[in-house]
Number of protein chains: 2
Amino acid sequence: MSIAYSGAMPAPSRIHRDQVVAAARVLLERGDSALTMQAVAREVGVRAPSLYKHVRDRDDLVGLIRDATIVDLTEGMLEIDAPSASDRIIAYARHVRAFVARWPLGSQLLFQRADAHSTRDLLQRAAAPVVRTCAELVGHPHALDAARTLTAWVYGFSRMEQADAFNLGHDTDRAFEFGLKTIVGTMTPTR
Amino acid sequence: MSIAYSGAMPAPSRIHRDQVVAAARVLLERGDSALTMQAVAREVGVRAPSLYKHVRDRDDLVGLIRDATIVDLTEGMLEIDAPSASDRIIAYARHVRAFVARWPLGSQLLFQRADAHSTRDLLQRAAAPVVRTCAELVGHPHALDAARTLTAWVYGFSRMEQADAFNLGHDTDRAFEFGLKTIVGTMTPTR
DNA sequence: ACCTGAACACCGTTCAAGT
DNA sequence: ACCTGAACACCGTTCAAGT
């Protein structure tokens with residue numbers, strides 16, 4: 001045997017917090033009431049009380065889901081690399097829409113009141129690529145305002161779409177592209 | 001005594017469903033976990049089991065909160081009456097923002113998945129004034145698209161604001177007016 | 001015909017006891 | 001040092017018994 005091992009050695013953790021959070025994210029998508037500590041525990045092959053070695057309580061777990069969701073979204077944003085700034089903005093918006101469609105419940109946590117400083121940092125990091133690209137398009141003085149306008153719209157639209165509000169159902173893609181063109185149009189004056 | 005009364009007469013309901021829902025709306029704003037059947041019951045002066053004469057279960061109650069919230073929002077919209085169409089659009093947007101600020105948790109229900117047909121109808125009725133005014137501004141072909149773009153933005157912005165996301169804190173009013181001017185600007189070409 | 005106490009199921013959480 | 005069964009508190013919900 002390659003590694004010295006003693007039977008009296010403390011038991012190494014069989015699970016990692018990331019696995020817990022990942023399992024919880026999936027369960028949440030089956031509805032808020034599906035996210036029970038027992039279900040999460042079963043999913044990671046352990047009993048419910050063991051989870052409290054990795055998360056403080058259920059609220060803490062939900063907070064961790066939120067953080068993981070923001071990080072996941074950010075990673076997708078960072079993979080986007082289009083030549084022109086306006087193409088990049090468009091790609092960002094489409095990515096957010098697809099992300100919300102993939103994690104409808106999880107993405108609802110994004111803009112839930114967040115007191116935790118760390119969460120606010122993560123949100124800021126997620127927004128950075130959009131703000132940067134907006135700066136290229138409209139200059140620094142209005143970059144932040146423009147980025148917020150785009151973000152608010154794309155988030156709101158995606159949420160409405162998931163809720164199937166306003167009978168958006170019929171032609172969602174067309175409706176999305178209309179709004180996108182409208183918003184991006186204000187950043188790229190015809191020349 | 002003015003009304004004939006018999007002691008054997010069935011007891012008339014001491015509470016009305018509207019009171020239950022109204023109490024529940026207020027409790028929800030203290031956090032989702034504050035909305036317990038017992039708390040609602042206490043608020044209307046009754047015991048928890050009695051509530052089941054008026055609502056099917058807790059999920060049903062939340063659905064009723066959502067519906068009442070939409071109706072409340074709609075009533076506020078209908079009170080708005082500005083001379084010019086663009087002034088009305090601006091007033092609608094500001095009203096939504098103020099409404100979300102007043103009912104942050106309740107308004108989160110607005111764009112939660114709704115299967116109930118009645119809820120979809122209520123949402124449509126809430127949107128009607130905005131759609132109508134957009135038609136005045138941009139003509140019928142794009143009225144729906146324009147209304148959706150505005151609605152998505154104002155809802156998204158308000159939600160971000162309530163979440164205190166992106167450190168919006170500093171100058172929210174200015175940020176809101178910037179976005180509003182941007183969106184309304186696309187509906188009222190400078191002439 | 002509404003209201004209630006008692007009872008039950010289920011979930012979050014703690015903790016002493018295992019390994 | 002992690003894991004677990006047992007136990008407890010709390011909440012949603014049902015129901016038989018009151019009026």
Side-chain angles (χ1 to χ4, degrees), chain A residues 1 3-66 105-106 109 112 116, chain B residues 1 3-66 105-106 109 112 116:
Chain A
M1 53 200 89
I3 303 180
Y5 178 83
S6 147
M9 213 175 178
S13 185
R14 294 208 311 247
I15 56 175
H16 198 298
R17 198 167 80 164
D18 294 354
Q19 302 171 49
V20 174
V21 176
R25 280 184 72 189
V26 174
L27 281 168
L28 174 59
E29 294 301 330
R30 302 198 68 81
D32 192 71
S33 62
L35 182 65
T36 68
M37 299 302 275
Q38 314 191 21
V40 175
R42 190 183 325 120
E43 215 61 38
V44 298
V46 95
R47 301 295 186 141
S50 298
L51 296 177
Y52 293 82
K53 286 279 160 189
H54 302 92
V55 304
R56 197 171 50 246
D57 53 26
R58 192 182 182 277
D59 276 356
D60 184 45
L61 177 57
V62 173
L64 293 170
I65 293 177
R66 189 229 298 261
L105 277 300
L109 300 177
Q112 208 128 337
Chain B
M1 56 201 89
I3 302 179
Y5 178 82
S6 148
M9 214 175 175
S13 185
R14 293 209 309 248
I15 56 175
H16 198 299
R17 198 167 81 166
D18 294 355
Q19 300 172 49
V20 175
V21 176
R25 279 183 74 189
V26 174
L27 281 168
L28 174 60
E29 294 301 331
R30 302 198 67 82
D32 192 71
S33 63
L35 182 66
T36 69
M37 299 302 274
Q38 314 191 21
V40 174
R42 189 183 325 120
E43 216 61 37
V44 298
V46 96
R47 301 293 188 145
S50 299
L51 296 178
Y52 292 83
K53 287 279 161 188
H54 302 92
V55 305
R56 199 171 48 247
D57 54 26
R58 191 181 184 278
D59 276 356
D60 183 45
L61 177 57
V62 173
L64 293 170
I65 293 178
R66 190 229 298 261
L105 277 300
L109 300 175
Q112 209 128 335

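So you know, we letter chains A, B, ... as the sequences are listed, proteins then strands, and number each from 1.
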Please state how far atom [atom1] in [X] lies from atom [atom2] in [N], giving the value in whole angstrom units.
X: B:H16; N: C:dC2; atom1: NE2; atom2: C1'; result: 14 Å
X: A:K53; N: D:dC2; atom1: NZ; atom2: C1'; result: 7 Å
X: A:D32; N: C:dG12; atom1: CG; atom2: P; result: 10 Å
X: A:M37; N: C:dC11; atom1: CE; atom2: P; result: 13 Å
X: B:Q38; N: D:dC10; atom1: CD; atom2: P; result: 10 Å
X: B:R42; N: C:dC3; atom1: CZ; atom2: P; result: 17 Å
X: B:R17; N: C:dC3; atom1: CZ; atom2: P; result: 15 Å
X: A:I15; N: D:dC2; atom1: CD1; atom2: P; result: 10 Å

Report summary line: Test side-chain contact (heavy atoms from CB on, under 4.5 Å), reference B:D57, set B:D59, B:V55, B:L61, output is B:D59

Rounded to the nearest 0.5 Å, how far does [atom2] of [Y] lie from [atom1] of [X]?
X: B:L109; Y: B:D32; atom1: CG; atom2: CG; answer: 8.5 Å
X: A:I15; Y: A:K53; atom1: CD1; atom2: NZ; answer: 11.5 Å
X: B:L35; Y: B:I65; atom1: CG; atom2: CD1; answer: 5.0 Å

Query raised in the report: Any idea which heavy atoms bring B:R14 and B:Q19 closest together, and the distance?
Result: O-NE2, 4.4 Å

Query raised in the report: Looking only at heavy atoms, what is the nearest atom pair of A:Q112 and A:R66, with distance?
Result: O-NH1, 2.9 Å

Report task. Map A:S33 and A:R56 onto DNA chain C by nearest heavy atom, then report which one ends up closer to the 5' terminus. Result -> A:S33

**Report entry** Beyond-backbone contact of B:L51 with B:V46, side-chain heavy atoms, under 4.5 angstrom
**Finding:** yes

Query raised in the report: Does A:E29 use its side chain to pair, donor to acceptor, with the backbone of A:G106 at less than 3.5 Å?
Result: yes

Report task. Taking B:R17 for its side chain and B:L64 for its backbone only, find out whether a donor-acceptor pair lies under 3.5 Å. Result -> no

Report summary line: A correct dot-bracket answer for DNA chain D, with pairs being Watson-Crick or G-U at under 3.5 Å, [ ] for crossing pairs and | for inter-strand pairs, is ||.|||||...|||||.||

Requested in this report: Remember a base hit wins even if backbone is also touched, and classify B:L35 as base, sugar-phosphate or nothing at under 4.0 Å, heavy atoms.
Outcome: sugar-phosphate

Report, one pair per line, the protein and nucleotides 4-9 of chain C atoms (nitrogen or oxygen only) whose separation is under 3.5 Å.
{"from": "C:dT4", "atom 1": "OP1", "to": "B:R14", "atom 2": "NH2", "distance (Å)": "3.4"}
{"from": "C:dT4", "atom 1": "OP2", "to": "B:R47", "atom 2": "N", "distance (Å)": "2.9"}
{"from": "C:dT4", "atom 1": "OP2", "to": "B:S50", "atom 2": "OG", "distance (Å)": "2.9"}
{"from": "C:dG5", "atom 1": "OP2", "to": "B:R47", "atom 2": "NE", "distance (Å)": "3.4"}

